[in-house]
Amino acid sequence: MGKQPRTAITPTREDNFAEWYQQVIKAADMAENSPVRGCMIIKPYGFAIWENMQNTFDPWLKEYGVQNASFPLLIPLSFLEKEAEHIDGFAKECAVVTHHRLEVGENGLVPAGKLEEPYVVRPTSETIIGDAMSRWIQSYRDLPMKLNQWGNVMRWEMRTRMFLRTSEFFWHEGHNAFETPEEAKEDCLTILDMYEKFFKEHLAFSGYKGVKTPEERFPGAKETYAFESIMQDGKALQAATTHDLGQTFSRSCGINFQGRSEKEEFAYTTSWAFSTRAIGGMIMIHGDDDGMVMPPRIAPQQIVILPVVKNIDEDGGIFDFAQKMVDELKKQGLHAHIDKRDMRTPDKMWDAIKKGIPLRVEIGNRELENKEVTFVRRDLGRPSKETISADAFVERAQGLLDQIHDTMLERSETFRDEHTVNGTTLSDIDDFFKADRIGLVRVPVALLNDDKLEAVMKAHALSTRCMPFEDEGQKVLIGKAY
RNA sequence: CGGAGCGUGGCGCAGCCUGGUAGCGCACCUGUUUUGGGAACAGGGGGUCGGAGGUUCGAAUCCUCUCGCUCCGACCA
């Protein structure tokens, strides 16, 4: 191939953000579309990110007293019917299983064996977990009960986008039950804090913790809390939510128990989740025009070593030298590897760049002679190129990764701050979006009662994102969202 | 579900208007020289044009129906 474009990804973010997003996923080899409508294939490099998220977050849940379990993929239709609001929210997007057999017909296989009662492929599991809880909880002594499952759900979305909205997606869904409403609320806030910690300290996401407006609440919830993040195109992304379900589901599912006062009582339940959508958020927050920029603590590959050799079979000792480094780095728990593929070095470099590997190390004869390495930080690019002794690199590696994380988080926070503007009136909102500015507008919650707000929101395809805790419920963020 | 666009080797496209059984770039394979920010030359393999039906001596090209995908919108993790 001849001249390459200035950036590894075409188009650039500025030129066409949506298309750029797709191209980053493709270039990093994270996922691709599948033969199934709205469902994607998560490729090994993409799935490794999800596995790392699980490996990080799951121990935190266990520490908090949550136990993992697994509930059926299929939910009896009648379960969904139990909760009116819940149905309103999900009925339109349910895949339904109506048969249990295939027979050979004139035009191929046809469904046979019609089910008495259809099953719904779970869009979320409140009802079936609630049903189990109704049997498992008999006494206040059985509370609190904290359950979680890592699994997949299906929502027949009209329009899908890889990672951000697919018909089938992976997530974890937690379902807790408590004796009192205070405990349930406390649970929601505690888990929201865990989410914030996870997103900030591991994915380098900035965001706002806050309460959802009634329109944006989970169907059936008394209150929904969210960690709301902002993407480089100014749109908000709900990265994680916790729902205070009050007694809605305990009443419809029959989660009752004998209380301390010997009376029959209904439990207070919560549910909470984040999904593979977080990967989409990582791309849109951190990615640049050369592709993915992976947050170091979640990166499947943190350090890649590129041996710069003339001939892969005559490396002059570079591989041994590099392998010793890898061994040392691995002792520190770092994910380091040598790219030994039979490819040209420049192609390996671009591959590492597009995959967003935080630290790229080059070792050629120049380095070998002096026991040195040359490294480049993905977040800063070429200007960060440095040559230091191999020993020093091994010593500094963890610190460098931490610095990369800090830089990425700081960038994200700066972006959030620069793209959140304060307003006081409806026209502040209108003017902002009329001027094609990107970001969120923070306005007094009193505006929510203004009759004309709806028209303004509709005109610019806006929604209320959340009422940030930091504003003590006095302000609401309004903007576009994924 | 409304609007727009598109389905031709793995990917991106041209060909279609003015029918004559397929072409380009990248990727891939072989060889030589290369390899520190996307290599060069030479040779080579691979598609029947989303699907069905129709018109025609003949269809990727024309007609009808259908399926699917992408983007914008409404809905939503």
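First the proteins, then the strands, lettered A, B, ... as listed; each starts at 1.
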Checklist entry - How would you label the contact of A:E93 with the nucleic acid (heavy atoms, under 4.0 Å): base, sugar-phosphate, or nothing? => result sugar-phosphate

Next on the checklist: Distance check, C1' atoms only: B:C63 and B:C16, in whole angstrom units.
Outcome noted: 14 Å

Next on the checklist: Using the P atom as the point on both nucleotides, what is the distance between B:A59 and B:G20, in whole Å?
Outcome noted: 11 Å

Checklist entry - Can you tell me how far C1' in B:G46 sits from the matching atom in B:C11, rounded to whole Å? => result 14 Å

Checklist outcome for this item: Out of B:A39, B:A77, B:C69, minimum distance to the side chain of A:P346 belongs to B:A39

Checklist entry - Donor-acceptor pair under 3.5 Å: do we get one between A:E367's side chain and the base of B:G36? => result yes

Next on the checklist: Assess whether a salt bridge exists between A:E223 and A:R217, defined as any Lys/Arg side-chain N lying under 4.0 Å from an Asp/Glu carboxylate O.
Outcome noted: yes

Checklist outcome for this item: Side-chain contact check for A:R161: nearest option of B:C71, B:A74, B:A77 is B:C71

Item to check | B:U66 to B:A14 separation - C1' atoms, rounded to the nearest Å | outcome: 26 Å

Checklist entry - Considering only B:C71, B:C1, B:U34, which nucleotide approaches the side chain of A:M158 most closely? => result B:C1

Item to check | Pi-cation contact, A:F375 with A:K385 (under 6.0 Å, within 45°) | outcome: no

Checklist entry - Is A:I353 touching bases, backbone alone, or none of the nucleic acid, heavy atoms closer than 4.0 Å? => result base

Checklist entry - Heavy atoms under 4.0 Å, any strand shown: does A:R37 hit a base, just sugar-phosphate, or nothing? => result sugar-phosphate

Checklist entry - From B:A39, B:A74, B:C75, pick the nucleotide closest to the side chain of A:K92? => result B:C75

Next on the checklist: Base, sugar-phosphate or nothing for A:T374? Non-hydrogen atoms, less than 4.0 Å.
Outcome noted: base

Checklist entry - Which nucleotide sits closest to the side chain of A:N33: B:U70, B:A77, B:U34? => result B:U70

Next on the checklist: Rounding to an integer number of Å, can you tell me how far A:Y482 OH sits from B:A74 P?
Outcome noted: 13 Å

Item to check | Side chain of A:T166 (C-beta onward), nearest among B:G36, B:A77, B:A39 | outcome: B:A77

Item to check | Closest non-hydrogen atom pair, A:G281 against A:F205 | outcome: C-CZ, 3.5 Å

Checklist entry - Which class fits the ring pair A:F57 and A:Y195: parallel under 30°, tilted 30 to 60°, perpendicular over 60°? => result parallel

Checklist entry - Between B:U70, B:C71, B:G36, which nucleotide gets closest to the side-chain atoms of A:M349? => result B:G36

Next on the checklist: So A:E157, base contact, sugar-phosphate only, or nothing? Heavy-atom distance under 4.0 Å.
Outcome noted: base

Item to check | Shortest side-chain distance from A:K354, nucleotide among B:G36, B:G38, B:A77 | outcome: B:G38

Checklist entry - Base, sugar-phosphate alone, or nothing: which one does A:A273 contact when heavy atoms must sit under 4.0 Å apart? => result nothing

Checklist entry - Checking all strands, does A:L164 fall into the base, sugar-phosphate, or nothing category for heavy-atom contacts under 4.0 angstrom? => result base

Checklist outcome for this item: Testing B:A39, B:C1, B:G73 for proximity to the side chain of A:D347, the answer is B:A39

Checklist entry - Considering the options A:I283, A:L237, A:T276, A:I279, which one meets the side-chain contact (heavy atoms from CB on, under 4.5 Å) requirement together with A:L164? => result A:L237

Item to check | Ionic contact status for A:R378 with A:D288, cut-off 4.0 Å | outcome: yes

Checklist entry - Under 5.5 Å between ring centres and under 30° between planes: does that hold for A:F274 against the base of B:A77? => result no

Checklist entry - If you look at every strand shown and take non-hydrogen atoms under 4.0 Å, does A:D351 touch a base, only sugar-phosphate, or nothing? => result nothing

Next on the checklist: Quick check for you: among B:C75, B:C71, B:C1, whose closest atom lies nearest to any side-chain atom of A:Q22?
Outcome noted: B:C71

